[in-house]
Amino acid sequence: MPEDMDTDPQPLSHGCEDQWTWNRRDRSPEVRLYGTAFRTAHFHPNWSSGTAGVRGKRVLNNGRYFWELNISQRIFGTSMMFGIGTRKARLHADAFTNLLGEDEHGWGLSHKGLLWHGGRWYHYTKPFRENEATTIGILFDGIAGTLTYYKDGKNLGVAFKGLNEVREPLYPIICSTAAKTEMTLASMRRDFVNLQDRCRAEIVKRIKSKADLDDLHVPPRIKSYLSEAMMDPVQPFLPVNKYVMNVLNSV
């Protein structure tokens with residue numbers, strides 16, 4: 001196997017699966033969400049005249065989290081970005097720009113291999129090959145205060161430091177200037193907070209639904225604690241899903 005094809009062990013393998021998705025109420029109007037639990041973001045379904053983004057629901061501060069993004073083969077344009085930001089980070093611009101990291105509220109990597117924060121860019125890795133699907137992994141370590149990227153399983157090194165000093169809530173964010181591009185949440189893992197958290201994760205793995213949880217003979221407070229680690233099954237809005245599928249079929 002060529003050296004540049006070597007992969008590193010998946011981060012947080014000692015942790016547990018995480019459960020979060022993109023926020024339907026915190027996105028650009030040029031982002032459509034669909035698929036299982038709305039984990040697929042479709043950017044600029046018709047044509048693009050600017051930059052569109054969406055924020056994730058997971059609050060990252062003080063924890064360790066890892067998530068992967070499956071990027072469709074339509075990789076091109078001014079900027080496709082992956083990273084984190086506060087609620088003050090913009091999610092829409094009527095211009096082609098590096099939106100994530102344009103100011104102090106965001107930290108992002110563009111498909112051109114550049115890191116952005118505070119309106120400044122830095123060389124980080126080789127530009128992505130255009131029109132070739134790839135998988136981007138993002139490791140947030142709120143204890144060490146670092147953000148690390150992976151590309152197709154290979155560790156690219158620490159990208160940002162000092163994130164443990166950020167007092168505002170931080171969230172995953174993705175954005176794109178390119179029309180009809182897609183990013184899908186794939187593997188998601190997190191570290192355990194304590195022994196109680198580890199025990200909850202083991203129990204939740206054996207619970208198939210909220211109905212199974214209701215059948216457990218445990219106090220209501222424990223049921224409530226267990227339910228916090230379970231994602232409610234959601235179905236896409238059919239009109240949105242049909243609209244997106246029609247767009248995809250026309251490509």
Side-chain angles (χ1 to χ4, degrees), residues 12 17-46 48 50-61 63 65-75 77 79-93 98-102 105-111 116 133-140 142 147 149-150 168-190 228-245 247-248:
L12 304 185
E17 290 185 4
D18 197 12
Q19 298 288 341
W20 59 271
T21 190
W22 305 116
N23 194 333
R24 288 178 288 165
R25 297 173 178 81
D26 205 4
R27 59 188 168 100
S28 161
E30 283 296 303
V31 175
R32 306 289 188 267
L33 301 177
Y34 70 100
T36 302
F38 297 102
R39 289 177 180 167
T40 296
H42 186 82
F43 298 88
H44 311 287
N46 293 309
S48 176
T51 312
V54 59
R55 207 174 338 258
K57 291 185 174 182
R58 165 60 69 199
V59 177
L60 300 167
N61 306 60
Y65 299 92
F66 176 76
W67 62 100
E68 286 186 320
L69 300 166
N70 290 335
I71 316 299
S72 69
Q73 66 181 15
R74 292 179 62 85
I75 297 177
S79 185
M80 297 175 65
M81 303 192 77
F82 341 92
I84 64 173
T86 70
R87 282 205 175 275
K88 294 179 181 178
R90 286 200 301 167
L91 297 178
H92 185 84
N98 293 280
L99 195 61
L100 186 54
E102 65 173 357
H105 303 302
W107 296 256
L109 168 66
S110 82
H111 76 287
W116 282 85
T134 189
T135 298
I136 299 299
I138 303 173
L139 174 63
F140 176 87
L147 191 71
Y149 289 94
Y150 292 69
E168 296 180 69
L170 292 168
Y171 304 85
I173 297 178
I174 51 176
C175 55
S176 177
T177 61
K180 303 178 182 179
T181 51
E182 281 191 355
M183 303 185 200
T184 301
L185 269 174
S187 172
M188 293 176 283
R189 299 193 65 80
R190 65 177 180 85
E228 291 174 1
M230 300 176 65
M231 175 173 283
D232 291 325
V234 292
Q235 298 297 324
F237 294 125
L238 289 179
V240 172
N241 193 43
K242 288 181 179 179
Y243 170 71
V244 172
M245 293 311 296
V247 170
L248 294 177

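Annotation: the span from Met80 atom CE to Ser176 atom OG amounts to 4.5 Å, rounded to 0.5 Å. Expressed to the nearest 0.5 Å, how far OH of Tyr150 lies from CG of Leu69 amounts to 14.5 Å. Within the model, atoms OH of Tyr65 and CG of Leu12 stand 10.5 Å from one another, a figure rounded to the nearest 0.5 Å. Rounding to the nearest 0.5 angstrom, the gap separating the CG atom in Asn70 from the CZ atom in Arg39 is 11.5 Å. To the nearest 0.5 Å, the span separating OG1 on Thr40 from CZ on Arg32 amounts to 14.5 Å. For the atom pair OG1 (Thr51) and CG (Leu91), the distance works out to 11.5 Å, reported to the nearest 0.5 Å.
Residues Trp67 and Asp18 have side chains not in contact (no heavy-atom distance under 4.5 Å, counting atoms from C-beta outward). Side-chain contact check for Leu109 versus Leu147: every heavy-atom pair is 4.5 Å or farther apart. Two residues are said to be in side-chain contact when any heavy atoms from C-beta on lie closer than 4.5 Å; Leu170 and Val59 fail this criterion. Side-chain contact between Glu17 and Met188 is absent, with no heavy atoms from C-beta onward closer than 4.5 Å. Using a 4.5 Å heavy-atom cutoff, the side chains of Trp22 and Arg27 are not in contact. Side-chain contact between Met183 and Phe43 is present, with heavy atoms from C-beta onward closer than 4.5 Å. Looking at Pro45 and Glu30, their side chains come closer than 4.5 Å, going by heavy atoms from C-beta outward. Leu60 has its side chain out of reach of Trp20: every pair of non-hydrogen atoms, C-beta onward, lies at least 4.5 Å apart.
When every heavy atom of Thr177 is checked against every heavy atom of Gly77, the shortest pair comes out as OG1-C, 4.1 Å. Taking both residues in full, the closest heavy atoms of Val54 and Ala41 are given as CG1-CB, 4.3 Å, listed atom of the first, atom of the second, then distance. Listed here is the closest heavy atom pair of Ala52 and Val31: CB-CG2, 3.8 Å.
Under the salt bridge (charged side-chain N to carboxylate O under 4.0 Å, His left out) criterion, Glu168 pairs with Lys88, sequence neighbours left out.
Using a distance-only test at 3.5 Å, with no hydrogens or angles considered, a donor-acceptor pair links the side chain of Thr21 to the main chain of Phe38. Side-chain atoms of Arg74 come within 3.5 Å of backbone N or O of Lys180 as a donor-acceptor pair. Of the possible polar contacts, none joining the Ser79 side chain to the Asn98 backbone as a donor-acceptor pair under 3.5 Å is found.
Tested against Tyr171 for a side chain to side chain donor-acceptor pair (under 3.5 Å), the candidates Arg58, Arg87, Arg55 yield a single pass: Arg87.
Under the 6.0 Å cut-off for aromatic ring centres, Phe82 and Tyr149 do not qualify, their centroids lying 6.0 Å or more apart.
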Quiz item: Passes side-chain contact (heavy atoms from CB on, under 4.5 Å), Thr181 versus Ile75? Steps please.
Solution: CA-CA 7 Å; Thr181 51; Ile75 297 177; over 6 Å; no
